[in-house]
Amino acid sequence: MRYLITAALPYANGPLHIGHLAGAYLPADIWARFLRLKGHETLFICGSDEHGVAITLRAWQENTSPQAIIDQYHPLLEKSLREVGISLDFYGRTSDPLHHQVAQHFFSTLLTKGWLEKKAVEQFWDPKAQTFLPDRYIIGTCPHCGFEEAYGDQCEKCGTLLSPTELRDPRSRLTGVTPEKRLSEQYYLRLDALQPQVEAFFRTRSWKPNVYPVIQSWLSAGLTPRAITRDLDWGIPVPDLPGKVLYVWFEAPLGYISLTRKWAESQGQPTAWERFWKDPDTRIVHFIGKDNIVFHTLVFPAILLAAGEGYTLPHDVPANEFLNLEGNKLSTSRRWTIDIHEYIAAAPDRIDELRFVLTALMPQTQDRDFTWEEYTSRINNELIATLTNLIHRILSLLWRYGNTHLVKVPDFLLQWRAETAREMAHALFSYDFSKALNTLLGLAQKANKSLTEAAPWHLQADEAQKIVAGYGDLLAAFGTLLEPFLPVHVAPTLRRYLDIQLFTWDRIEDPTPLVRELRLAAPPQPLVKKLSSEELSSLREKLLPTASPPPSTPPPSTPLTIEDFQKVLLKVVTIRAAEKVPKADKLLKLTVEADDGLHTVVSGVAQHYSPESLIGQQAIWVANLPPRTLRGIPSEGMLLFAEGENGTLVRVGPEKTVPPGSIVK
RNA sequence: GGCGAGAUAGCUCAGUAGGUAAGAGCGCAGGAUUCAUAACCCUGAGGUCGCGGGUUCGAUUCCCGCUCUCGCCA
């Protein structure tokens, strides 16, 4: 079987962040690497999406040209992807003349075949910027609540969804001038007429459980004609129609075809692309985020079907959900992101670690949350403690007994390893990347256990050496099993160190010994270094200094009764002692005095207050919370702090000193 | 407003084609161990499987209603 793998074309309007990585690029890469190891002919392509109104508007706002914007981001995007080990065979861009040609060809073909229709629509035009405005670039007064800053698509104050024509006193967000309504003729794709074909295609595929319902609901609602042209000067010109360009959603997916053709040209075999697009033995798989599901499962296939030129339809579209950051949606405009290029700059030696964490947290069926706490604990307690520590453990034992070892593998290790490889393959073929990774960790766990039970360190050296050498087979297997997940540093370093090859996946699935002999040239070094709290803080500081979480509008709390409120016992306490909790960068252990004596409270304010500065101060204490153990210290109740800007915490206390234990009511 | 998804241990999640004591990892408590990056190994505590009804000998699992969260669409 031959595979063409694509990852969503990143928009050349901003950098990539960890959400993009976890959503599309990382799963696509793991899959591509795995398929290659499985021995399938695999082509993995991607490229920058360089058209669209957001780029035009951005250029206008920054007083530069769209070309300058894409020339800034295109190289950055490619560099970021390459540096996190995304093993693309080709990375191109949609501003390429060949892409224009392909997209225009599709337009003309569809027009000739009668799948397009012309319709006149009224749109807002900004006379100063000389451009049509998308809905969200129009601002005005909400007809429902009177809010004066409502957007053309939605009022952020009352939540009502709007259309720009409903706004009173509409203004352009670009220039502030009043936009004019203009009638404009556009081409529409007759998705309604294509629905039967699209539906037939839909039924021949088995979709991921998070993808299926989305398509289903669109189809049952009935597809409607959709505009594929607009009035802009940046984009792919519509043939014979000056002033109009193709809408990005129409031409960007066609990029998969033109990028494959560019790849073929770069190989000196200009027709090689047809193997991937016109041969039914090729499976085309698009990795995307959930926001792109409709375009890849319905619209793009509709375009290919309409063109009727024998293009292969997508085999699968394994879309992922979204990744959140510390409980809030990722947002480039609010700068609430971890950008890939910034992560690389801050932690150039920890690429595999990021890949590991994002694979473990991959939002495969539902949104997931990335937190720094989880990042640390996954690296230290799973990647290192379970997996790379096992490798280091075996290597250290081997080194102790000599530097050349004949490997005789016990049966159970061969079986475990082969089973693991098979189970991982099964999980990967169903796009369950977290499960594949967990299966791998399970192997390490079993091996850790059996090694502990065998306890070779209690045995005579020659006997011990034999036992440990048996685990050498596992090391050889890890050199391959880790490759799809940790290809930047861990897997290649291990292979280089032991001078072992990258095996085929089938070879790993076969329970026969992989190597006869292992040589260690130098004392082993840990493959991954433990993440210290200092390193973590510096990483956080580098990556989030400018970011602020979206304004945390406190949830409109359910109405509280006075009885409910009286359940909370608040007292003023005096802080008598304070010390840092060892090995916790946030926690302070505080001893507070109330009317009934001293209490211990562990509080997460170490990054905002030094212990000394708190001693003698008063604070408000929630007295009737059940005790909870933090870092082994029983903590009674909690102290109240106000959350200021950028998450700073500020102590809340009485205006004047009062006796400890005074009730707050 | 319509549609969809989710609600399971302190946290992040798996699972049950309805059936003897509901699982993992992390965290927590204790133990064992020292080859290993205070890592590994063992034991334990902790869950009326969102709420209310129904079907059934039996429901966390099926059906209906409700609440909350998220998303998509208009």
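What you see below is based on every heavy atom in this structure, not just the backbone, and it leaves out hydrogens, waters and symmetry mates. Each chain gets a letter, A, B and so on, in the order its sequence line appears, and its residues count up from 1.
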Atom pair distance, as rounded to whole Å: CZ in A/R368 and P in B/C13: 5 Å
- line: pair_partner(B/C62), Watson-Crick or wobble, both distances < 3.5 Å, evaluates to B/G54
- line: Side-chain atoms of A/L397 come closest, of B/C35, B/A39, B/U12, to B/C35
field: Within the 6.0 Å centroid threshold, strictly below: A/F34 and A/F485
entry: no
statement: Out of B/C26, B/G4, B/C35, minimum distance to the side chain of A/S396 belongs to B/C35
query: Atom CD1 of A/I293 to atom P of B/C73: distance rounded to whole Å?
result: 11 Å
message: Does A/Q445 reach a base, just sugar-phosphate, or nothing at all? Heavy atoms under 4.0 Å.
response: sugar-phosphate
message: From OH of A/Y212 over to C1' of B/G4, roughly how many Å is that when rounded to an integer?
response: 13 Å
- prompt: Is a donor-acceptor pair below 3.5 Å formed from side chain A/T388 to base B/U37, judging by atom type as modelled?
  reply: yes
- prompt: Side chain of A/D367: nearest nucleotide among B/A14, B/C70, B/C35?
  reply: B/C70
task: Would you mind telling me which residue lines up with the more 5' stretch of RNA chain B, A/R400 or A/E321, judged by nearest nucleotide?
output: A/R400
message: What is the distance, to the nearest angstrom, from the NZ atom on A/K290 to the P atom on B/G6?
response: 13 Å
Comparing A/D369 and A/L527 on RNA chain B - which has the more 5′ nearest nucleotide: A/D369
field: Pair partner, B/G4 [Watson-Crick or wobble, under 3.5 Å]
entry: B/C70
message: For A/F412 and A/W416, take the angle between the two ring planes, folded into 0 to 90°, and tell me which bin it lands in: parallel under 30, tilted 30 to 60, perpendicular over 60.
response: perpendicular
field: Watson-Crick or G-U counterpart of B/G18, or none if no pair lies under 3.5 Å
entry: none
- prompt: Contact class for A/L398 (heavy atom, under 4.0 Å): base, sugar-phosphate, or nothing?
  reply: nothing
statement: Considering only heavy side-chain atoms of A/S217, the closest of B/C41, B/C3, B/C35 is B/C3
Carboxylate-amine/guanidinium contact A/K290 A/D367, below 4.0 Å: yes
- prompt: Ring centroid separation for A/Y375 and A/W372, is it under 6.0 angstrom?
  reply: yes
- prompt: Which nucleotide in the list B/U37, B/A36, B/C72 gets nearest to the side chain of A/I384?
  reply: B/U37
message: If you compare every side-chain N and O of A/N380 against the phosphate oxygens of B/U37 (OP1, OP2), does one of them come in below 4.0 Å?
response: no
message: Strictly below 4.0 Å: does A/K530 bring a side-chain N or O up to OP1 or OP2 of B/A39?
response: yes
- request: Verify whether one side chain among A/R393 and A/T452 offers a donor that lies under 3.5 Å from an acceptor in the other.
  value: yes
field: Candidate nucleotides B/G4, B/G25, B/U37, ranked by approach to the side chain of A/H392 - the nearest
entry: B/U37
query: Please give, in whole Å, the distance from B/A36 C1' to A/L451 CG?
result: 9 Å
task: State which of B/C26, B/U12, B/C40 makes the closest approach to the side chain of A/S377.
output: B/C26
field: Minimum-distance nucleotide to A/E382 side chain [options: B/G25, B/C70, B/C42]
entry: B/G25
query: Separation of A/L390 atom CG from B/U34 atom C1', in whole Å?
result: 16 Å
query: NA contact type, A/P213, heavy-atom cut-off 4.0 Å: base, sugar-phosphate, or nothing?
result: sugar-phosphate
message: If you only use heavy atoms from C-beta on, which nucleotide in B/U37, B/U12, B/G25 is closest to the side chain of A/N389?
response: B/U37
A/H458 NE2 - B/C40 P separation (whole Å): 18 Å
- request: Could you tell me whether A/E535 and A/R350 have a side-chain N and a carboxylate O separated by less than 4.0 Å?
  value: yes
query: Rounded to whole angstrom units, what separation is found between the CD atom of A/E453 and the C1' atom of B/A36?
result: 17 Å
query: Under 4.0 Å between a side-chain N/O of A/T365 and OP1 or OP2 of B/A14, yes or no?
result: yes
message: Regarding A/V528, tell me which of base, sugar-phosphate or nothing describes its non-hydrogen contacts under 4.0 Å with the strands shown.
response: base
message: Using OP1 and OP2 only, check whether a side-chain N or O of A/K449 sits under 4.0 Å from B/C42.
response: yes
message: Can you identify which nucleotide, out of B/U12, B/U37, B/C26, has its nearest atom closest to the A/R378 side chain?
response: B/U12
field: Nearest-angstrom distance, C1' atom, B/G2 to B/G10
entry: 38 Å
